[in-house]
Amino acid sequence: MSTYQLTAEYEGDSETVSLEARNDGEAMLAGISEVMSRAYPNVALWAKGAITLTDSDGVVVNSMAQKS
């Protein structure tokens, strides 16, 4: 298992959580679930913020731009 970092950034605030996954695909699925559970009910940081998933080397696996 590898450790991935999922970071949300919005209006100067940020929060990072760690995810354990066997590969990038599993990390993306875990990240989707994490974002959805943290965004509800309408937590702006996770619902509207920019989201970045990085691997254990700091390489960006996937990202999503901030929503207006």
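These figures come from a predicted structure and were not determined experimentally. Values reported hereafter were calculated over all heavy atoms of this structure, with side chains retained and with hydrogens, waters and symmetry mates removed.
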Could you tell me which non-hydrogen atom of Ala27 sits nearest to which non-hydrogen atom of Ala21, and how far apart they are? N-CB, 3.5 Å

Could you pull out all residues at least two apart from Asn23 that satisfy side chain to side chain contact (heavy atoms under 4.5 Å, CB included)? Glu26

Is there a side-chain contact between Leu6 and Trp46, using heavy atoms and a 4.5 Å cut-off? yes

Among the clusters formed by ILVMFWY side chains lying less than 4.5 Å apart, do Ile32 and Val17 turn up in the same one? no

Write out all pairs satisfying side chain to side chain donor-acceptor pair (under 3.5 Å) with one or both partners inside residues 50-68, taking only residues at least two apart or from two chains. none

Minimum heavy-atom distance Glu20-Thr3, with the two atoms named: OE2-OG1, 2.6 Å

Quick check: is Leu19 connected to Val61 through a chain of hydrophobic side chains (ILVMFWY, heavy atoms under 4.5 Å apart)? yes

Hey, could you give me each pair passing salt bridge (Lys or Arg N to Asp or Glu O under 4.0 Å) that has a residue in residues 27-48? Not counting sequence neighbours. Glu15-Arg38, Glu34-Arg38

Side chains of Gln5 and Ser18, donor plus acceptor under 3.5 Å: yes

For Met36, is the CE atom crowded, meaning more than 12 foreign heavy atoms sit under 6.0 Å from it? no

